[in-house]
Protein chains: 2
Amino acid sequence: MATIYQVSELAGVSLATVSRVMNKNTRVSDKTKQKVLDAMEQLGYKPNSIAQSLASNCTNSVGILVSELHGPFFAQMMAGIESELRAAGKHVIITTGHSEEDKEQEGIEFLISRRCDAIILHVEAVSDDYLIKLSKGSTPVYLMSRYVEQLKDNCISLDNQLGGYLATKSILNQGHTQIAYIAGPQFKADAFNRLEGHKQALTEADIKFDPALYYIGDFNETGGSKGLKHFIDEKLSFTALVCANDEMASGAMKYAREHGYNLPNDLSIVGFDNVIFANYLYPTLTTIDNPIGKMGEMAAKLVLKDVYQNKNLVINRFFEPTLMQRDSSAPLIK
Amino acid sequence: MATIYQVSELAGVSLATVSRVMNKNTRVSDKTKQKVLDAMEQLGYKPNSIAQSLASNCTNSVGILVSELHGPFFAQMMAGIESELRAAGKHVIITTGHSEEDKEQEGIEFLISRRCDAIILHVEAVSDDYLIKLSKGSTPVYLMSRYVEQLKDNCISLDNQLGGYLATKSILNQGHTQIAYIAGPQFKADAFNRLEGHKQALTEADIKFDPALYYIGDFNETGGSKGLKHFIDEKLSFTALVCANDEMASGAMKYAREHGYNLPNDLSIVGFDNVIFANYLYPTLTTIDNPIGKMGEMAAKLVLKDVYQNKNLVINRFFEPTLMQRDSSAPLIK
DNA sequence: ACCTTAAATGTAAGCGCTTTCATATGCAAT
DNA sequence: ATTGCATATGAAAGCGCTTACATTTAAGGT
């Protein structure tokens with residue numbers, strides 16, 4: 001593989017000049033520039049990005065930590081980040097944390113040791129304090145779907161409470177008053193805030209939050225089926241079920257159907273996230289659209305602006321979810 | 001951030017010695033080793049992986065090119081690759097090709113210019129010749145779900161024909177004889193081979209392949225709905241529909257339901273891939289399990305063995321799909 | 001023609017490591 | 001003590017770039 005030295009030799013100029021034409025930041029006369037370009041062409045020269053990184057102290061890489069590589073939610077987020085960054089010639093190094101504290105920390109250290117210019121994290125298990133300490137280090141840290149007051153400029157977050165509110169509100173608007181709720185693990189901020197929104201909507205409608213109609217699931221399909229089973233086994237009376245994410249809603253739908261429910265007439269179900277398969281379900285799932293792909297793009301833009309001095313990018317750190325009314329929820333039939 | 005030089009100074013040894021204790025490949029006396037370890041500990045030293053890469057000509061990174069970041073299929077594949085590689089201390093650089101020739105090529109060049117130690121590709125648009133030429137270069141190339149004879153040692157592939165055969169066979173076994181088929185784009189080898197399997201099963205059952213009951217879809221949900229629409233509009237008679245992937249099967253299911261079909265009694269549907277949501281659909285989708293996650297792991301192992309000299313790994317380059325009989329297909333009711 | 005300046009180009013010192021080769025050290029055998 | 005050899009350590013070159021600084025060249029003003 002050709003090196004800059006061979007290019008300089010062939011073009012009859014110094015290394016520095018070749019470097020200059022590559023980096024376009026210093027003026028080089030058109031004549032020499034052309035000679036260099038020709039030489040590069042002729043040798044099929046590709047700069048060694050590792051050497052560039054070492055010399056310039058910039059790796060042009062951004063680390064990303066997600067909980068899981070599979071799962072529609074993270075996929076959309078990564079797709080958003082990658083496309084934006086890739087267009088700017090940066091690359092992404094992706095790793096996983098599996099929602100476990102030690103694995104998340106290990107993943108973060110891994111990315112830092114790789115000298116990423118910045119890291120974008122979707123962490124769930126690690127503490128706020130850890131993140132605050134982390135961001136004092138030399139690698140800029142950005143947070144997805146997590147809001148930490150001290151790090152607010154580096155957070156791209158969704159108004160989960162609003163989402164929770166919209167979900168329940170949509171059901172209330174349809175005349176339901178007995179509403180069961182399957183939450184996510186409450187140590188996860190988004191799960192907590194979604195529940196807050198649910199409570200807010202209930203309060204607004206003068207309905208008391210009933211702990212009996214509340215179940216904590218695991219954000220997976222099984223959480224939804226187990227939750228619904230729990231409510232049914234307890235012989236509770238409810239006409240609608242709000243789930244803190246789509247996976248659980250899907251599990252609940254499946255369980256309901258297997259137990260003779262006719263959806264949505266016997267039971268209205270609402271999810272959260274609007275993952276890709278929400279629209280594949282039967283009936284199609286009413287859910288709250290979580291613009292995670294857009295948020296990913298925005299995180300990338302923020303990095304581009306902060307870290308790579310890409311001045312004129314407009315940043316929006318807060319995103320609002322919206323209701324996607326589909327067929328899994330319907331007006332209450334009296 | 002501490003450098004190796006500072007460690008050597010603190011430990012009272014030379015750079016070379018520090019490097020040796022890091023790389024564990026040369027003997028260092030226990031006494032000095034301990035001094036160095038202590039110094040590292042005290043300084044919180046983390047080696048600069050960029051400098052290591054430049055000096056050792058090994059980046060410890062593996063490039064991955066997939067068509068899309070989202071999409072359950074690629075997610076499982078990436079998850080398989082990442083977990084295996086990560087455990088070996090390697091990292092993955094992921095980029096996308098969007099099934100377009102120029103984007104795929106660009107992505108590949110991007111990964112190579114990043115000096116990945118190897119690249120694992122899931123390419124669809126690029127030609128065999130291009131791949132053969134590519135693999136003559138200095139970066140080892142591995143292919144997922146694509147078989148190129150000249151590169152056979154570097155291919156991890158699925159027996160798509162067998163899969164296509166199994167899908168149609170399962171339907172034949174249920175007594176169906178009028179079977180429609182929605183294929184994928186025929187320039188994609190897997191789509192082509194799945195169709196071959198379908199034909200093989202028909203032939204074996206003495207049924208003539210009927211071009212009228214054949215439609216080429218786009219591997220997306222719309223391909224399935226359009227395909228089924230086509231068959232229905234043409235007023236063709238068929239009791240089963242085999243789709244070359246799950247997305248299309250899902251689209252077809254949706255269309256069928258919207259047009260009054262009672263599934264699976266009025267129409268049996270079979271998909272291919274067993275993506276995560278196949279089990280979320282209603283009725284649950286009968287499909288062909290594509291062990292893409294395992295194949296990803298295997299590709300990673302192959303790289304570990306070939307490129308990183310991890311001798312004792314057992315490699316299996318061929319995978320066989322299996323039938324997942326679920327509820328979307330059922331015996332023909334006479 | 002000569003001097004002043006700005007623009008273009010070259011020189012060389014790093015960036016933080018790995019690795020070859022040379023040297024020093026220790027120890028057993030003579 | 002002396003030699004020989006294996007083992008542990010150090011010195012220094014080099015990986016392919018960037019960039020501060022020095023030098024050359026060209027252009028403009030008198």
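Chain A is the first sequence line, chain B the second, and so forth, proteins listed ahead of strands; every chain is numbered from 1. Given the structure is predicted, the values throughout are model-derived calculations rather than measurements.
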[X] [atom1] - [N] [atom2] separation (whole Å):
X      : N      : atom1 : atom2 : answer
A/M22  : D/dG16 : CE    : P     : 13 Å
A/E9   : D/dG16 : CD    : C1'   : 15 Å
B/L43  : C/dG16 : CG    : C1'   : 15 Å
B/I4   : D/dG10 : CD1   : P     : 12 Å
A/M1   : D/dG16 : CE    : P     : 11 Å
A/R114 : C/dG16 : CZ    : P     : 17 Å
A/N48  : D/dG14 : CG    : C1'   : 13 Å
B/K31  : D/dT9  : NZ    : P     : 8 Å

For [N], take OP1 and OP2 only and decide whether either is under 4.0 Å from a side-chain N or O of [X].
X     : N      : result
A/N23 : D/dT18 : yes
B/S19 : C/dT18 : yes
A/R27 : C/dA7  : no
A/Y5  : D/dG14 : no
B/S29 : D/dT9  : yes
B/T32 : D/dA8  : no
A/Q52 : D/dT18 : yes
A/S53 : D/dC17 : no

(message) Between A/D30 and A/L54, which residue's closest nucleotide on DNA chain C lies nearer the 5′ terminus?
(response)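 Of the two residues, A/D30 wins.
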
(request) Could you check whether A/V13 gets within reach of a base, just the sugar-phosphate, or nothing at all, counting any heavy atom under 4.0 Å? (result)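 It contacts sugar-phosphate atoms only.
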
(message) Of the options C/dT19, C/dG10, D/dT18, whose atoms approach the side-chain atoms of A/S14 most closely?
(response)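 In terms of side-chain proximity for A/S14, the closest of C/dT19, C/dG10, D/dT18 is C/dG10.
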
(request) Supply the atom-to-atom distance A/F318 CZ to A/L158 CG, rounded to the nearest 0.5 angstrom. (result)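 Reported value, rounded in 0.5 Å steps: 10.5 Å.
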
(message) Base of D/dG10, side chain of B/R20 - is there a donor-acceptor contact under 3.5 Å?
(response)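 Under the 3.5 Å cut-off, the side chain and the base do form a donor-acceptor pair.
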
(request) Assess the side chains of A/E82 and B/T95: does a donor N or O sit below 3.5 Å from an acceptor N or O? (result)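 A/E82 vs B/T95: donor-acceptor pair found between side chains.
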
(message) Between A/R146 and A/D190, does any NZ, NE, NH1 or NH2 come within less than 4.0 Å of an OD or OE carboxylate oxygen?
(response)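 Judged by the 4.0 Å cut-off on N to carboxylate O distance, A/D190 and A/R146 do not form a salt bridge.
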
(message) Do the side chains of B/R86 and A/E106 get close enough for a salt bridge, i.e. N-O under 4.0 angstrom?
(response)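 Result for this pair is yes, salt bridge flagged.
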
(request) Scan B/T139, B/V303, B/T59 and name whichever one has a side chain to side chain contact (heavy atoms under 4.5 Å, CB included) with B/D117. (result)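 So the option named by the test is B/T59.
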
(message) With nearest nucleotide decided by heavy atoms, which residue, B/A16 or A/L15, maps closer to the 5′ end of DNA chain D?
(response)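 Closest to the 5' end, via its nearest nucleotide, is B/A16.
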
